[in-house]
Structure formats: C-alpha cells, structure tokens
Amino acid sequence: MQALGLIETLGFTTAVSAADAALKAADVQLVAVEKVIGVGGSLGVTLHFSGDVAAVTSSVEAGKAEAQRVGTVVSAHVIAKAHSDVTGKILGNYLLPENSIETDSAVSTPPPHQSSATTAKPPKSADLVQASDSPDSPDQPN
C-alpha cells in the first residue's frame, strides 16, 4: 500500500484549488473525493491522494498552502502506510471510478450515470430558436 494523503477543506473552490496545487507538486493520484454538508450548511470536501510517501507529503503540503490562500483548511494529514481496511472499507465509498478495484481488469463497465442508453442529449440550437419563436412564449409581448 502506498501513502495516503488527505486534505479537508470548506468549500468546493478551495478543494479544487488544493487538488490542482497538490497534483502539480508531485507524482500522485487523486483517488477519492468526499463531499459532506456539515455544521451550518457548509460543504466539506476531503481530497484523498495516493503515491509514494515523499510525493504525497510534498503534494499535501502544496495543496494545503494553496487551500489556505483561497479559503479554509480543516485538516491535512499523510498516512505513510494505511491499513487495507482504511482503503477498502472507509475510502471504498468515495473512490473515483477510474480508481475502483475491479475483479477482472478485462471487463470494464461504465458508471450507471454515463450509460449511453439512458443519457439524454441536450436540445439542438435550432430547436431552441424554434421554441422561442412560438406565439405561446412568455418572453414575447402580446
């Protein structure tokens, strides 16, 4: 098991800024993102990074510094060698799709929300123009 790095922020913009800085700082992977509505309705976002200990340590420090510049950091921590139960049972619910553990690497199924059979296509711009020209349109004066 590689090192596990965590940066917990308040707000999505702070988290995105932290992730950007952390990923640019060293050769690490963003393996999970955990979003929680916390006390007072604030959005708490925890970023989970994986890589070798030195890379994760420098990434977490860079991400933490950037997050403090942009917003609020709740905590940041590096676990040099996380127990398999931590990654399997606790982080398993938050792993990003490309980092999930597959039993057969030759078989890959898309997440349910990306199925081509159920994906609705956005309306074409021509359809929008025709809809706005209709006499029933509330934006048109009578």
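- Hydrophobic clustering (side-chain heavy atoms under 4.5 Å, transitive across Ile, Leu, Val, Met, Phe, Trp, Tyr) groups Val78 together with Leu30.
- The two residues Val53 and Ala80 come nearest to each other via the heavy atoms CG2-O, 3.8 Å.
- The number of heavy atoms from other shown groups lying within 6.0 Å of CG (Asp27) does not exceed 12.
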For this session: Apply side-chain contact (heavy atoms from CB on, under 4.5 Å) to Val74 and Leu10, showing your working.
Result: CA-CA 7 Å; Val74 176; Leu10 287 182; 3.9 Å; yes
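- Side-chain contact, Ser75 with Glu8: a donor N or O sits under 3.5 Å from an acceptor N or O.
- Side-chain contact between Val31 and Leu96: absent, with no pair of heavy atoms (C-beta onward) separated by less than 4.5 Å.
- Closest of all the heavy-atom pairs between Asp85 and His83 is N-ND1, 2.9 Å.
- The structure places OG1 of Thr46 at 13.0 Å from NE2 of His77, a figure rounded to the nearest 0.5 Å.
- If you chain together hydrophobic residues whose side chains sit under 4.5 Å apart, Val16 and Phe49 fall into the same group.
- The main-chain N or O of Ala22 is found under 3.5 Å from a side-chain atom of Ser59 such that the two form a donor-acceptor pair.
- To the nearest 0.5 Å, atom CG of residue Leu43 and atom OG1 of residue Thr14 are 9.5 Å apart.
- The only option from Asp52, Thr57, Leu23 that meets the side-chain contact (heavy atoms from CB on, under 4.5 Å) definition with Val28 turns out to be Leu23.
- Each of Val70 and Phe12 belongs to its own hydrophobic cluster when Ile, Leu, Val, Met, Phe, Trp and Tyr are linked at side-chain heavy-atom distances under 4.5 angstrom.
- The nearest pair of heavy atoms linking Val56 to Leu4 is CG1-C, 4.0 Å.
- Taking all atoms of both residues into account, the shortest heavy-atom contact from Ser58 to Ala25 is O-CB, 4.2 Å.
- Within the model, atoms CD1 of Ile7 and NE2 of His48 stand 10.5 Å from one another, a figure rounded to the nearest 0.5 Å.
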For this session: For salt bridge (charged side-chain N to carboxylate O under 4.0 Å, His left out), just list the numbers for Lys64 and Glu61, CA-CA rounded to whole Å, side-chain angles, deciding distance to a tenth of an Å, and then say yes or no.
Result: CA-CA 5 Å; Lys64 178 182 171 184; Glu61 287 303 316; 5.1 Å; no
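- Summarising the geometry, atom CD belonging to Gln2 is positioned 14.0 Å from atom CD1 belonging to Ile79; distances are rounded to the nearest 0.5 Å.
- The heavy-atom pair separating Ala76 from Val60 by the smallest distance is CB-CG1, 3.8 Å.
- To the nearest 0.5 angstrom, Ser42 atom OG is 8.5 Å from Ile37 atom CD1.
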